[in-house]
Amino acid sequence: MHPVNADHNFLLHHHSVDAAPRLLGATLRHESDEGPVTVRITEVEAYLGSQTSDFPDPGSHGFRGKTNRNAVMFGPAGFLYVYFTYGMHYCANIVCGTAGTSSGCLLRAGEVIEGRELAKSRRAAAKKEVELAKGPARLTQALGLGREHNGLPVFESPLTLRLADAAPSPQHLSTGPRVGVSGPGGGHEYPWRFWLSGDKTVSTYRPAKPRQAPAV
DNA sequence: GGTCCGATAGGCT
DNA sequence: GCCTATCGGACCG
């Protein structure tokens, strides 16, 4: 596939774990009928998952192969994978890598830097400005993203993704285990989650709920 | 500040 | 049937 710009080219040639640091400090803009909202990304989580990846990743939606739901992740980089979860929330991933791999970065949190009033109206429950996009489902809500945005290109209207010029310096980059994934692939064995050190908009870490009570 | 829990629907075994 | 890449409100300190 022909890349539309340098950022697209970068995503096509890197899988999610390598692309994740360049998504920190990146901006994603969505211009809806209601107006534009832009989020500066402060926290992401990498997912690999398909059998074509270097590491097995049972935590990924793509781990068991391509289905109707996760098909977008198996396509080339530069598209949005939006899925519905917990019966009420949407989460968004930036698809990374080449077609045939199911590599993607879940957008976990960000800072609203354009369209604050619109974001606030979409996020009535948010008490403070840092809560507008603090969490993956909150971020999609602030941006006004839903089922209809699954599979849309992130470098074409109504979406505009701009990567950071460079990965954060080690001083500003933190990594850790996954949020909300239990069992193998939960990620204590690998740093899947990346965030900007000390940023107030990063979601508060909650360990995954164990599948069964720990043996005494 | 932390921690518990209900809501609610779709995917997958 | 069971689990989920979550959130927000209730409650406790």
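Note that the structure is predicted; figures quoted are calculated from it, not measured.
The residues R40(A) and D199(A) are annotated as salt-bridged, a charged nitrogen and a carboxylate oxygen being separated by less than 4.0 angstrom.
Positionally, the nearest nucleotide of DNA chain B for M88(A) lies more toward the 5' end than for the other of M88(A) and R147(A). Nearest-nucleotide assignment on DNA chain B puts the 5′-proximal partner with G87(A), out of H61(A) and G87(A).
With hydrogens and angles ignored, the 3.5 Å screen pairs no side-chain donor or acceptor of E111(A) with any backbone N or O of T42(A). The backbone N or O of G97(A) lies less than 3.5 Å from no partner atom in the side chain of H13(A), so there is not a single donor-acceptor pair.
Ring-to-base geometry places Y86(A) in a stacked arrangement with dT4(C) (centre distance under 5.5 Å, plane angle under 30°).
Aromatic ring centres of H61(A) and Y83(A) lie closer together than 6.0 Å.
Spacing between atom NZ of K127(A) and atom P of dC7(C) amounts to 14 Å, rounded to whole angstrom units. Rounded to whole Å, atom P of dC12(B) lies 15 Å from atom CZ of F84(A). A straight line from CD of E131(A) to C1' of dG8(C) spans 10 Å, rounded to a whole angstrom. Rounded to whole Å, the distance from CG on L106(A) to P on dT4(C) is 16 Å. The CG atom of D57(A) sits 11 Å away from the P atom of dA5(C) (whole-angstrom rounding). Rounded to an integer number of Å, the gap from NZ of K66(A) to P of dG11(B) is 16 Å. Nucleotide dA5(C) holds its C1' atom 12 Å from the CG atom of L107(A), rounded to whole Å. Nucleotide dT4(C) holds its C1' atom 15 Å from the CG atom of N70(A), rounded to whole Å.
Side-chain N/O atoms of H89(A) include none lying less than 4.0 angstrom from OP1 or OP2 on dC7(C). Between dC12(B) and T67(A), a contact under 4.0 Å exists linking OP1 or OP2 to a side-chain N or O. The side chain of R108(A) contributes an N or O atom lying less than 4.0 Å from OP1 or OP2 of dT6(C). K134(A) has no side-chain polar atom (N or O) that falls below the 4.0 Å cut-off from OP1 or OP2 of dT6(C). Put simply, R193(A) has no side-chain N or O that comes within less than 4.0 Å of OP1 or OP2 on dA5(C). Residue R64(A) has a polar side-chain atom (N or O) positioned under 4.0 Å from OP1 or OP2 of dT13(B).
For dG6(B), the paired base is dC7(C) (Watson-Crick or G-U wobble, both distances below 3.5 Å). Base-pair partner of dG1(B): dC12(C) (Watson-Crick or G-U wobble, both distances under 3.5 Å).
Checking dT4(C), dA5(C), dT13(B) against every side-chain atom of Y47(A), the shortest atom distance belongs to dA5(C). Of the candidate nucleotides dA7(B), dC7(C), dA9(B), dC7(C) has the atom lying nearest to any side-chain atom of R123(A).
For Y83(A) against dA5(C), a side-chain N or O and a base N or O form a donor-acceptor pair under 3.5 Å.
Within the cation-pi definition used here (under 6.0 Å to the ring centroid, within 45° of the axis), R147(A) qualifies as a partner of F84(A).
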For R122(A) and S32(A): C-alpha separation, side-chain torsions, deciding distance, then whether side chain to side chain donor-acceptor pair (under 3.5 Å) applies. CA-CA 12 Å; R122(A) 289 170 173 162; S32(A) 75; 3.0 Å; yes
